[in-house]
Enquirer: 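I have a structure here, written as structure tokens, and I will follow up with some questions on it.
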Amino acid sequence: VARRANATFVLAGSVRAVLDGTRVSLASEWPVEEIRGAAECGARWMFVTADGAVWSADDFLGPLRRVSETRSPAYAMASRGVLAWVDRADQGWLSDGGAPRPWPAVPARNISFADARFGAAITEAGALLYTLDGGVTTRSAWLGPLAPLAVDGSSGAILIRSSRGLLELTREGELRP
């Protein structure tokens, strides 16, 4: 899920663990359903489980508090600053600590955020959309002959896997090799 200094944060089903050198620390509680996604959102961690429940914790291994629920997620993407997932009806969802909100306004295949404000989505129609304000507004990036396959913001940049290889989406909406 994430790395920090010498620690690796891991999800395995509904179990949360932190690997720190030779030491393994486990959360003292876990939800019944599998955790499908997690993201560090400011001073807290957000999680979404297979039943669509959205959870918050003060730290990765901390006690979980149920925030809200949505339809069951098909999958969640690696993101930073915002928990992002797509449900089984192809609706994208975001949560930065509060109740989930839909984004984008069209059916999505894949969503990821580089930070709390900069994120991108690939729509069912194959368009590449992005936001600079956490999903309040949406812009379209010109793709030309490219077919976007997946987005990943977990590195702090928005990387697009496309029919022509790996590209970076800039905050100006440009694609760079």
Side-chain angles (χ1 to χ4, degrees), residues 1-12 16-21 25 27 35-49 54-62 67 73-87 92-104 108-123 126-144 146-177:
V1 172
R3 288 184 159 222
R4 243 193 252 144
N6 295 330
T8 302
F9 299 76
V10 178
L11 293 174
R16 295 170 288 145
V18 175
L19 311 174
D20 187 2
S25 301
I35 298 173
R36 293 278 175 92
E40 190 171 15
C41 303
R44 70 180 67 139
W45 279 85
M46 298 299 298
F47 304 89
V48 64
T49 53
V54 179
W55 304 83
S56 173
D58 290 337
D59 59 61
F60 188 76
L61 299 179
V67 173
Y75 48 86
M77 282 56 83
S79 283
R80 296 173 71 168
V82 174
L83 178 62
W85 70 97
V86 175
D87 69 22
W93 293 93
L94 305 176
S95 179
D96 57 6
R101 61 190 187 282
W103 186 81
R109 286 194 321 234
N110 197 261
I111 303 172
S112 191
F113 275 69
D115 58 44
R117 301 181 60 75
F118 183 39
I122 298 172
T123 70
L128 177 60
L129 304 178
Y130 70 102
T131 181
L132 299 172
D133 55 16
V136 175
T137 60
T138 303
R139 302 170 185 213
S140 180
W142 186 78
L143 294 171
L146 295 177
L149 304 172
V151 296
D152 184 349
S154 64
S155 68
I158 297 290
L159 301 177
I160 312 296
R161 191 167 34 106
S162 76
S163 57
R164 295 221 176 146
L166 195 62
L167 302 168
E168 180 181 353
L169 176 67
T170 69
R171 292 176 191 267
E172 292 77 35
E174 299 172 6
L175 293 171
R176 295 186 181 154

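None of these values were measured; they are calculated from a predicted model.
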Enquirer: Please give me the minimum heavy-atom distance between P73 and W85, naming the atom from each residue.
Expert: CB-CD1, 3.4 Å
Enquirer: CG of L132 to CD of E172: how many Å apart, nearest 0.5 Å?
Expert: 8.5 Å
Enquirer: As an exercise, state the distance from OG of S162 to CG of L175, rounded to the nearest 0.5 Å.
Expert: 8.0 Å
Enquirer: Who pairs with R80 by side chain to side chain donor-acceptor pair (under 3.5 Å), at least two apart in sequence or on another chain?
Expert: none
Enquirer: For residues L169 and A120, report the shortest heavy-atom separation together with the two atoms involved.
Expert: CD2-CB, 3.9 Å
Enquirer: Are D96 and R101 side-chain neighbours, meaning at least one heavy-atom pair lies under 4.5 Å?
Expert: yes
Enquirer: Looking only at atom types and distance, does a side-chain atom of T131 sit under 3.5 Å from a main-chain N or O of T137, one as donor and one as acceptor?
Expert: yes
Enquirer: I need the minimum non-hydrogen distance between G153 and S112, along with the two atoms involved.
Expert: N-OG, 2.7 Å
Enquirer: Answer whether the closest heavy-atom distance between the side chains of M77 and V86 falls below 4.5 Å.
Expert: yes
Enquirer: If we ignore hydrogens and angles and just use 3.5 Å, is the side chain of S95 paired with the main-chain N or O of P100 as donor and acceptor?
Expert: no
Enquirer: Report yes or no: does N110 contribute a side-chain atom to a donor-acceptor pair with the main-chain N or O of V151 at less than 3.5 Å?
Expert: yes
Enquirer: Between I111 and P104, which heavy-atom pair has the shortest distance, and what is it?
Expert: CD1-CD, 4.1 Å
Enquirer: What is the distance from atom CZ of R117 to atom CG of D133, rounded to the nearest 0.5 Å?
Expert: 5.5 Å
Enquirer: Test of understanding: with side chain to side chain contact (heavy atoms under 4.5 Å, CB included), list the residues that count as partners of D20, not counting sequence neighbours.
Expert: N6, R23
Enquirer: Flag the pair D59 and R16 as a salt bridge only when some basic side-chain nitrogen lies within less than 4.0 angstrom of an acidic carboxylate oxygen.
Expert: no
Enquirer: Does the side chain to side chain contact (heavy atoms under 4.5 Å, CB included) test come out yes or no for V10 and F60, once each step is laid out?
Expert: CA-CA 9 Å; V10 178; F60 188 76; 5.8 Å; no
Enquirer: A side-chain contact here means heavy atoms from C-beta on lying under 4.5 Å apart; do I122 and L128 qualify?
Expert: yes
Enquirer: Does R139 use its side chain to pair, donor to acceptor, with the backbone of G173 at less than 3.5 Å?
Expert: no
Enquirer: Return the OG to CG distance between S79 and D115, rounded to the nearest 0.5 Å.
Expert: 10.0 Å
Enquirer: Check A7 against V18 and note the closest heavy-atom contact, atom names and distance.
Expert: CB-CG1, 4.0 Å
Enquirer: What closest approach, in Å, do F113 and G134 show between heavy atoms, and which atom pair accounts for it?
Expert: CE2-CA, 4.0 Å
Enquirer: Side chain of D58, backbone of G62: donor and acceptor closer than 3.5 Å?
Expert: no
Enquirer: With W45, which residues qualify under side chain to side chain donor-acceptor pair (under 3.5 Å), at least two apart?
Expert: none
Enquirer: Tell me, with the steps shown, if L143 and I160 meet side chain to side chain contact (heavy atoms under 4.5 Å, CB included).
Expert: CA-CA 11 Å; L143 294 171; I160 312 296; 5.8 Å; no
Enquirer: Side-chain contact test, heavy atoms from C-beta onward, threshold under 4.5 Å: evaluate it for T170 versus R176 and give yes or no.
Expert: yes
Enquirer: Roughly how far, to the nearest 0.5 Å, is the CZ atom of R36 from the CG atom of L11?
Expert: 12.0 Å
Enquirer: Give a yes or no on whether the backbone of G97 and the side-chain of S56 come within a donor-acceptor separation of less than 3.5 Å.
Expert: no
